[in-house]
**Q** 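Take this structure, written in structure tokens, and hold onto it; I'll ask about it next.
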Protein chains: 2
Amino acid sequence: MVKTPRSQASMASSVNELTTAVGQLLRRLRSETGTDELNLSQLGVLGRLDQQGPMTTADLARAESMKPQSMGTILASLEQEGLVERNPHPSDGRQVLFAMTGKGADVRRKRGNAKREWLLAALMQLEPDEQRTLLDAIPLIKRLSES
Amino acid sequence: MVKTPRSQASMASSVNELTTAVGQLLRRLRSETGTDELNLSQLGVLGRLDQQGPMTTADLARAESMKPQSMGTILASLEQEGLVERNPHPSDGRQVLFAMTGKGADVRRKRGNAKREWLLAALMQLEPDEQRTLLDAIPLIKRLSES
DNA sequence: TATTGTTATACTCTATAACTATA
DNA sequence: TATAGTTATAGAGTATAACAATA
């Protein structure tokens, strides 16, 4: 297959498909709601704290491309359910370090998280080369969001 | 080993990244708002009517993975701005065929659509092989939503 | 009786603005 | 004066439920 860089005109027609596809996936994920009552943002924060350790509100907001006030709302809801806890920053009294609790870790590990399980099952149904394409596209989608 | 399908464990770690990436892109797109005051759903409907011709509320709702009532709201807003018009179905008095108007076509063609232009510019900044990966991933994302 | 669409209402998610506290 | 976070409010986007009209 010859490598032919896409023209701007051909890319333009893909813009609608991409936004539609992304919107569809998000609506689908949102509708998958079982025993877990965590939404996508809450799951995202929990996953990030699990991977990266304690973080501040501002850092989490930046990582998720969200306003700090919006992240504050998410963290408050997670704290109320005992999934994250707040710890003082060692040197800066203004900052608050949010950490995942044991209960939060349980929620992430346990079965019953309908959204994650649905998406995982859907991913597993793709052919191996399709999986590779989709996984390779993830960092590219992130790059788009940051440009 | 020729083909190395990803293990379920390795895929599980990608689930969070995918949802986060998709959420980020959507928030970014939503925030790009210039002279056009059309949101992503409105643009999606307009694009679909442009490509596929007149459609009913139910068909549009199915195409965008949305409830008919939600689609009705979107269509009402587009109609109020004169971007779509309603025509009776030739044989079924219950159905309404929505078609894009000339003004709707203008809006789609003209410059000033901040969301589409931003995304197009971002796509053009990717390397050709990255573009190909991302475009190849679009139908896969749709498949996920439908499974 | 089933289907298409409308109307009314409520919920989820995120943003903006104004404020407090610490640096 | 600048930054981190909180509180209050508003908005966009979508869903659910109840209804009307046509099939």
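Lettering of chains follows the sequences in order, A, B, ..., and the numbering in each one begins at 1.
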**Q** Any salt bridge (Lys or Arg N to Asp or Glu O under 4.0 Å) involving residues 20-31 of chain A? Give me the pairs, sequence neighbours left out, ordered by first then second residue.
**A** R28(A)-E32(A)
**Q** Show your working on salt bridge (charged side-chain N to carboxylate O under 4.0 Å, His left out) between R62(B) and D59(B) and close with a plain yes or no.
**A** CA-CA 5 Å; R62(B) 257 188 300 274; D59(B) 283 341; 2.9 Å; yes
**Q** For E32(B) and dA15(C), give me the distance from atom CD to atom P, rounded to whole Å.
**A**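 After rounding, the gap between these two atoms is 13 Å.
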**Q** Distance check needed: dA15(C) C1' versus N39(B) CG, whole Å only.
**A** 15 Å
**Q** Looking at side-chain heavy atoms only, is the closest gap between V22(B) and I141(B) below 4.5 Å?
**A** no
**Q** Mind checking which nucleotides bracket the chain B contacts on DNA chain D, 5' to 3', with an atom under 4.0 Å from a heavy atom?
**A** dG13(D) to dA23(D)
**Q** Does any N or O in the side chain of E64(A) come within less than 3.5 Å of the main-chain N or O of T20(B), such that one atom is a donor and the other an acceptor?
**A** no
**Q** Show each protein N/O and nucleotides 16-20 of chain C N/O combination with a separation under 3.5 Å, one pair to a line.
**A**
from: dA17(C); atom 1: N6; to: Q69(A); atom 2: NE2; distance (Å): 3.1

**Q** If you take any heavy atom closer than 4.0 Å to DNA chain D, which residues from residues 87-95 of chain B end up in contact?
**A** S91(B), D92(B), G93(B), R94(B)
**Q** Where along residues 52-63 of chain B does a heavy atom come under 4.0 Å from DNA chain D, residue by residue in number order?
**A** none
**Q** Going by side-chain contact (heavy atoms from CB on, under 4.5 Å), M55(A) matches just one of V84(A), V96(A), L60(A). Which one?
**A**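 When V84(A), V96(A), L60(A) are each tested with M55(A), the side-chain contact (heavy atoms from CB on, under 4.5 Å) holds only for L60(A).
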**Q** Under a 4.5 Å cut-off applied to non-hydrogen side-chain atoms, are L43(B) and T19(A) in contact?
**A**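 Of all side-chain heavy-atom pairs linking T19(A) with L43(B), none is under 4.5 Å.
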**Q** By the 4.0 Å heavy-atom rule, please label S41(A) as base, sugar-phosphate, or nothing.
**A** sugar-phosphate
**Q** Under the 3.5 angstrom rule, does the side chain of T56(A) hit a backbone N or O of L97(A) as a donor-acceptor pair?
**A** no
**Q** Do other residues, nucleotides or ligands put more than 12 heavy atoms under 6.0 Å from K67(A) NZ?
**A** no
**Q** Please round to 10 degrees the angle between the axis of the first five pairs and the axis of the last five pairs in the helix from dT1(C)-dA23(D) to dA23(C)-dT1(D).
**A**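 Angle reported: 0°, given to the nearest ten degrees.
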**Q** When rounded to the nearest 0.5 angstrom, what is the spacing between CG in L134(B) and CD1 in I138(A)?
**A** 11.5 Å
